[in-house]
Protein chains: 2
Amino acid sequence: MTRQKVKMAFIENESSRKATYKKRKKGILKKANELATLCGVPVGVIIDSPYDLTPEVWPSREDMDNVLSQLQRLPVMDRTKKMLNQESYLKQSISKASETCKKLTKENKELEMKEVMFDCLSGKTSPSRIEKNDLGACGNVIEQYLRNLNRRIEILSKNDGASSSSVHVVASTSVAMPIVELGSSSTAFCDMIRQQQIQSNMNQNVGSLDLNQQQW
Amino acid sequence: MTRQKVKMAFIENESSRKATYKKRKKGILKKANELATLCGVPVGVIIDSPYDLTPEVWPSREDMDNVLSQLQRLPVMDRTKKMLNQESYLKQSISKASETCKKLTKENKELEMKEVMFDCLSGKTSPSRIEKNDLGACGNVIEQYLRNLNRRIEILSKNDGASSSSVHVVASTSVAMPIVELGSSSTAFCDMIRQQQIQSNMNQNVGSLDLNQQQW
DNA sequence: GTAACTATGCTTAGGCG
DNA sequence: GCGCCTAAGCATAGTTA
């Protein structure tokens with residue numbers, strides 16, 4: 001009953017391939033028509049179907065002929081240059097996917113760091129146990145956190161000048177930077193813990209500003 | 001917040017039109033690539049975009065050129081004949097939609113009839129109150145019901161020959177037909193009520209056969 | 001083969017930074 | 001404008017009749 005995500009590969013089974021073909025062809029034609037209608041753009045689709053009697057299908061504008069002949073009239077260089085063949089399309093897709101993947105990896109790393117730091121704060125583990133390689137990511141997280149914190153503090157300053165200005169100095173990003181640069185985790189991390197406490201204090205002072213909106 | 005179903009019409013607002021264009025173009029190209037991959041079929045898409053620098057996009061097979069030139073080589077008659085322009089595509093869509101609509105209308109009518117008949121059976125109203133124009137639909141419902149009933153009875157016969165064979169005669173579709181043909185509702189309808197009772201009896205006799213599976 | 005159904009997940013309109 | 005997010009709607013794989 002649990003449909004697997006359908007591997008993007010040639011469907012071996014003849015009958016299901018044909019079924020898929022029919023459904024998806026219909027889907028594409030509909031989409032093409034919608035694009036043409038919504039955006040007033042000539043759209044043409046060719047499908048060299050081995051299943052339909054006719055080897056081509058045009059779902060769109062009557063004057064698509066004209067577009068086609070315009071295409072023919074262009075110098076060969078210009079049009080081949082700009083044509084995306086399947087290979088280049090796939091390459092594009094892959095590079096996009098790689099980028100997304102990279103981004104997600106980084107994000108995962110940061111989440112992991114947040115967890116580790118949480119554990120440190122609650123006493124489950126100690127900052128000295130953090131892997132050397134993870135210190136960079138850890139630093140990013142802290143830096144990001146400090147940025148948010150400072151933003152909050154500035155908002156706070158506007159509402160309540162006296163109590164918040166003194167906090168601002170402590171929450172400077174310069175505290176976090178050494179972690180990234182030098183890899184000396186302990187001191188900066190203790191600073192961070194202090195800031196946690198500062199955050200608590202701030203929350204007590206100004207309950208109306210929801211500092212817990214911070215993601216961690 | 002509640003997105004309306006997006007009217008299928010040219011988007012007047014320039015910026016949202018462009019946004020939609022970009023999203024949907026991406027969508028179509030993806031779909032085209034999927035179709036090509038899953039079914040091993042050459043697929044080509046041309047979009048005469050006013051937004052992209054290049055006026056055409058080909059999302060598919062390298063050898064789409066060949067398909068194109070094959071297309072060019074065909075006699076003009078043959079290819080224009082089989083090309084669907086947007087108008088004919090829309091006409092097709094409309095006729096399909098009309099058919100669906102007709103079917104749904106009929107279905108609605110029958111549901112309505114079922115409701116009316118239920119009310120008759122429960123004494124809320126009387127068969128003589130049924131609109132003359134509705135008698136046909138009413139007859140269809142009854143006929144359908146009788147068909148189901150007979151099928152049930154046949155199943156029953158195989159398990160319990162004696163008690164069911166006498167029922168079968170009563171539940172012949174010939175009882176319902178006069179409604180459709182002659183429009184004389186009352187007699188046939190009373191017959192139907194009798195059959196309801198028969199059904200009840202049958203349920204009592206053979207509780208294991210779930211006659212209530214009948215949709216009404 | 002075709003049509004209908006349904007659960008699943010992909011696409012996308014609108015909103016936000 | 002661009003990219004990201006989310007809810008809503010749509011497409012469709014697998015199944016049944």
Side-chain angles (χ1 to χ4, degrees), chain A residues 1-39 41 43 45 49-53 59 92-93 95-97 99-104 106-107 110 144 147-148 151-152 155 213-215, chain B residues 1-39 41 43 45 49-53 59 93 95-97 99-104 106-107 110 144 147-148 151 155 213-215:
Chain A
M1 193 61 80
T2 41
R3 232 172 61 206
Q4 59 209 339
K5 275 196 2 180
V6 181
K7 251 173 57 188
M8 267 307 293
F10 183 74
I11 299 172
E12 297 296 341
N13 181 303
E14 171 107 15
S15 59
S16 53
R17 174 153 34 89
K18 185 170 178 181
T20 293
Y21 172 80
K22 285 196 64 178
K23 287 181 179 182
R24 280 175 174 267
K25 192 185 88 179
K26 187 177 129 220
I28 285 193
L29 294 188
K30 187 172 174 206
K31 289 277 180 196
N33 183 54
E34 287 178 354
L35 178 60
T37 305
L38 290 171
C39 304
V41 163
V43 176
V45 176
S49 69
Y51 309 113
D52 294 307
L53 294 174
Q92 277 190 20
S93 303
S95 67
K96 266 184 212 165
E99 200 147 326
T100 306
C101 184
K102 206 170 142 192
K103 201 186 290 180
L104 285 177
K106 192 182 161 201
E107 200 175 305
E110 299 201 339
Q144 175 64 33
R147 255 195 292 279
N148 291 339
R151 216 178 51 226
R152 286 290 177 180
I155 294 168
Q213 271 185 12
Q214 309 291 354
Q215 276 194 5
Chain B
M1 192 64 78
T2 41
R3 232 173 63 206
Q4 61 209 338
K5 273 193 11 177
V6 181
K7 253 173 59 189
M8 267 306 294
F10 183 74
I11 299 172
E12 297 296 341
N13 181 304
E14 171 106 15
S15 60
S16 53
R17 175 152 35 89
K18 184 170 179 182
T20 293
Y21 172 79
K22 284 196 64 177
K23 288 182 177 181
R24 281 175 173 267
K25 192 185 89 177
K26 187 179 128 219
I28 286 192
L29 293 188
K30 186 171 176 205
K31 290 278 180 196
N33 184 53
E34 287 179 354
L35 179 59
T37 306
L38 289 171
C39 303
V41 164
V43 176
V45 175
S49 71
Y51 309 113
D52 293 306
L53 293 174
S93 302
S95 68
K96 266 186 211 165
E99 199 146 328
T100 306
C101 183
K102 206 169 140 192
K103 201 186 289 181
L104 284 177
K106 193 182 159 201
E107 200 175 304
E110 299 200 340
Q144 176 65 32
R147 255 196 293 278
N148 290 341
R151 215 177 52 223
I155 293 169
Q213 271 186 10
Q214 309 291 352
Q215 275 194 1

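Letters A, B, ... are given to chains in the order of the sequence lines, protein chains preceding strands, and every chain is numbered from 1.
As a whole-Å value, the separation of A:Y21 OH from C:dT2 P is 13 Å. Computed from coordinates, the B:K31 NZ to D:dA11 C1' distance equals 5 Å when rounded to whole Å. In this structure, CD1 of B:I28 is placed 14 Å from C1' of D:dC10, rounded to the nearest angstrom. Taking atom CG on A:L35 and atom C1' on D:dC10, their separation rounds to 16 Å, with Å as the unit. One atom, CZ of A:R24, and another, C1' of C:dC10, lie 10 Å apart when rounded to the nearest Å. Across the protein-nucleic acid pair, A:E107 atom CD and D:dG3 atom P stand 17 Å apart, rounded to whole Å. Residue B:E99 contributes atom CD, which lies 14 Å from atom C1' of C:dA4 at whole-angstrom precision. Taking atom CD1 of residue A:I11 and atom C1' of nucleotide D:dG14, one finds them 12 Å apart after rounding to whole Å.
Only one option out of A:K31, A:R24, A:K23, A:K25 pairs with B:E34 in a salt bridge (Lys or Arg N to Asp or Glu O under 4.0 Å); it is A:R24.
In this structure, the nucleotide among C:dT12, D:dT12, C:dT11 sitting nearest to the side chain of A:K23 is D:dT12. The side chain of B:K103 lies closest to C:dA4 when the candidates are D:dC2, D:dC10, C:dA4. Across C:dA13, D:dA13, D:dC10, the shortest atom-to-atom separation from the side chain of A:K30 is found for D:dC10. Distance from the side chain of B:S15 is smallest to D:dG1 among D:dG9, D:dG1, C:dA13.
Considering only heavy atoms from C-beta on, B:L35 stays 4.5 Å or farther from B:N33 through its side chain. Contact check for B:L38 versus A:F10: no side-chain heavy atoms found under the 4.5 Å cut-off.
Nucleic acid contact class of B:S16 (heavy atoms, under 4.0 Å, all strands): none.
Atom NZ in A:K26 sits 7.5 Å away from atom NZ in A:K30 (nearest 0.5 Å).
In terms of position along DNA chain D, the nucleotide closest to B:E14 lies nearer the 5' end than the nucleotide closest to the other residue of the pair A:K26 and B:E14. Comparing B:E34 and B:K18 by the nucleotide of DNA chain D that holds the closest heavy atom to each, the one mapping nearer the 5' end is B:K18.
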Derivation of the salt bridge (charged side-chain N to carboxylate O under 4.0 Å, His left out) call for B:R17 and B:E14 | CA-CA 5 Å; B:R17 175 152 35 89; B:E14 171 106 15; 3.8 Å; yes
